[in-house]
Each structure stands twice: as C-alpha cells, then as structure tokens.
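A short write-up of the structure that comes next.
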Amino acid sequence: VLLLVPGCECIWSGWIDVTYPDGSDRNGGDYETFENIWKKNPSWECAKVENISCRAEKFPTIPIADLGQKVECSVDVGLICNNRDQQIGGIIPMPVCLNYEINVCCIPNYPECLSPPSTTSTTTSTAPSTTSTTTSTASSTTSSVSPPVSTSTPTPTTEETPITTTPTTPTTPTTTTTMPP
C-alpha cells in the first residue's frame, strides 16, 4: 500500500517540445528527453517522473501507437524517435520522425516526497544471548537475539575440540525457538 504524502501528488507539466526532427538527417530524429528539456530550460524542475504522455504535434488526437512510427515514450528518458528506425508509409510518406511533444507528471522536489514511505520496523535488543556448544564429533553454534527466545539442548560433551576442526560425522543439538505472539 502506497501512502501519499499531502502535497506530493504528481503535477502535469503541460506539453513540452524542445527539439524538431531534421528530415534531411538520417541519423537525426526527435528527442524530447528530460536531458534535452533541462538543457533548453535549466529552471525546469522534475524531481521524479511519475507518468508521461506523448503525442505528435500535428496529430494530437491520434495515439502514437497508431501513427506507424517506432517511438520510445517512457518515464525513464522521455521521448526518443530516430529517423533511421522509420519506414515509408504510416501517416506520412517519408521515413522521418514526426515532431513530437510530451506532457510529464512530476513529483515535487520536496524531501518528504522523494523518500519512500517506511514499510519495515526495526527491533533492537540490548542484551543478545548466544549459546555455543562443542562436542567431540561436531562443532555447532546456536545464536539467538531476544526476542525470539531460544533454548538449546546440547549433546553431552566428553572432550573439547577446536572449532576449526572439520567434523566427519556431524551431530546437531536440538534447538527450540519460541516466537513471541
């Protein structure tokens, strides 16, 4: 569940058109990217793009998917249309990009709007309890930080073996963990 902070709803920018495709340049296109918008208008502020709408300037009522052009319209970059990706046909008889414009819904640049709401809680224990048991055939450590409460029933020890010894037949102590309600 996403909780909206009052005043942090995205705000639509209005239609933006900062570049115009050069039909004579096969390597050109129309680039209504966020980077180009900031280059043309350094005071444009959009902390986070929540949504985007893209349209052809000459055909504002036709969805871009119906224009017959290969165009990227995304909240990550804005709009990218490369002349080299276009085919003859579609709404215009030339393999060049139409002139596009974008409308961006931006989250305001306020700290309370940019940090995601906390969905985790942290429990700190000042007195963790650790139980270690060493047997002649295996080394086993059971650790628990309260809560939960952990009790261990170790296998009886006959001699001490360093923890660095590799066991040949592991024996595991029985551990019971009680979770708080």
Side-chain angles (χ1 to χ4, degrees), residues 1-130 143-148 177 179-181:
V1 175
L2 179 63
L3 300 175
L4 292 177
V5 177
C8 290
E9 298 81 16
C10 72
I11 300 163
W12 287 98
S13 64
W15 293 103
I16 301 170
D17 185 1
V18 294
T19 65
Y20 191 86
D22 180 354
S24 66
D25 182 2
R26 189 78 180 132
N27 292 318
D30 196 17
Y31 304 100
E32 306 301 334
T33 63
F34 306 130
E35 181 180 346
N36 284 340
I37 294 169
W38 280 307
K39 282 180 185 174
K40 294 269 185 172
N41 183 2
S43 65
W44 186 66
E45 205 171 280
C46 187
K48 179 178 183 285
V49 178
E50 181 90 0
N51 204 345
I52 189 170
S53 182
C54 300
R55 70 182 185 186
E57 179 223 4
K58 286 193 178 2
F59 306 98
T61 60
I62 301 175
I64 61 171
D66 297 341
L67 294 172
Q69 296 210 320
K70 183 178 176 190
V71 173
E72 177 185 355
C73 176
S74 76
V75 297
D76 297 319
V77 294
L79 179 133
I80 295 176
C81 180
N82 295 305
N83 287 342
R84 67 180 170 271
D85 295 337
Q86 308 315 315
Q87 303 295 320
I88 294 176
I91 206 155
I92 60 169
M94 296 174 50
V96 296
C97 293
L98 292 165
N99 184 39
Y100 289 94
E101 50 191 8
I102 65 174
N103 191 5
V104 183
C105 199
C106 295
I107 300 293
N109 192 13
Y110 304 132
E112 63 271 17
C113 299
L114 300 177
S115 37
S118 177
T119 56
T120 59
S121 60
T122 304
T123 303
T124 306
S125 174
T126 55
S129 61
T130 303
S143 299
S144 175
V145 176
S146 300
T177 302
M179 298 299 290

What I'd like to find out is whether the side chain of Val18 reaches to under 4.5 Å of the side chain of Asn41, using heavy atoms alone. no
Quick one about Ser24 and Asp22 (side-chain donor to acceptor, distance below 3.5 Å, no hydrogens or angles considered), yes or no? yes
Heavy atoms only: give me the nearest Asn99-Glu32 pair and the separation to one decimal. OD1-OE2, 4.2 Å
Measure the shortest side-chain to side-chain distance between Leu67 and Ile62 over non-hydrogen atoms and say whether it is less than 4.5 angstrom. yes
Considering non-hydrogen atoms only, spot the tightest contact between Asn83 and Asp25 and give its length. ND2-O, 2.8 Å
Of all heavy-atom pairs between Cys113 and Ile107, which one has the smallest distance, and what is that distance? CB-CG2, 3.7 Å
Side-chain (Gln87) to main-chain (Gln69) donor-acceptor, under 3.5 angstrom: no
Where do Glu45 and Asn109 land on the side-chain contact (heavy atoms from CB on, under 4.5 Å) test, with the steps shown first? CA-CA 7 Å; Glu45 205 171 280; Asn109 192 13; 3.3 Å; yes
Working note: Ile52 + Asn103, criterion side-chain contact (heavy atoms from CB on, under 4.5 Å); need CA distance, chi angles, decisive distance, verdict. CA-CA 6 Å; Ile52 189 170; Asn103 191 5; over 6 Å; no
Kindly compute the distance separating CD1 (Ile80) from SG (Cys73), expressed to the nearest 0.5 Å. 10.5 Å
Would you call Lys48 and Glu50 a salt bridge, using N to O less than 4.0 angstrom? yes
Let me confirm one number: the CG-OG1 distance from Asp76 to Thr33, rounded to the nearest 0.5 Å. 12.5 Å
Using only atom types and a distance under 3.5 Å, with no angle test, would you say the side chain of Glu101 pairs donor to acceptor with the backbone of Cys54? no
Considering non-hydrogen atoms only, spot the tightest contact between Pro95 and Ile88 and give its length. CD-CG1, 3.7 Å
If I take atom CD from residue Glu57 and atom CH2 from residue Trp15, how far apart are they, to the nearest 0.5 angstrom? 11.5 Å
Smallest heavy-atom separation, Lys70 atom then Cys81 atom, equals O-SG, 4.0 Å
Would the SG atoms of Cys10 and Cys106 measure under 2.5 Å apart? no
Once the angle between the rings of Trp38 and Trp44 is folded into 0 to 90°, is it parallel (under 30°), tilted (30 to 60°) or perpendicular (over 60°)? tilted
Glu9 to Gly7 - nearest heavy-atom pair and separation: OE1-N, 3.3 Å
Asn51 side-chain N/O to Cys105 backbone N/O, donor-acceptor pair under 3.5 Å: no
Is there a side-chain hydrogen bond (donor to acceptor under 3.5 Å, both in side chains) between Asp30 and Thr19? Walk through the geometry before answering. CA-CA 6 Å; Asp30 196 17; Thr19 65; 2.6 Å; yes
Got a donor-acceptor contact below 3.5 angstrom from the Ser13 side chain to the Val104 backbone? yes
If you apply the rule side-chain contact (heavy atoms from CB on, under 4.5 Å), what do you find for Asp17 with Ile102, and how did you get there? CA-CA 7 Å; Asp17 185 1; Ile102 65 174; over 6 Å; no
Report yes or no: does Tyr100 contribute a side-chain atom to a donor-acceptor pair with the main-chain N or O of Cys97 at less than 3.5 Å? no
How about Asn82 and Tyr31: do any of their side-chain heavy atoms sit closer than 4.5 Å? yes
Could you please spell out the steps behind the side-chain contact (heavy atoms from CB on, under 4.5 Å) verdict for Asn27 and Arg84? CA-CA 6 Å; Asn27 292 318; Arg84 67 180 170 271; 4.2 Å; yes
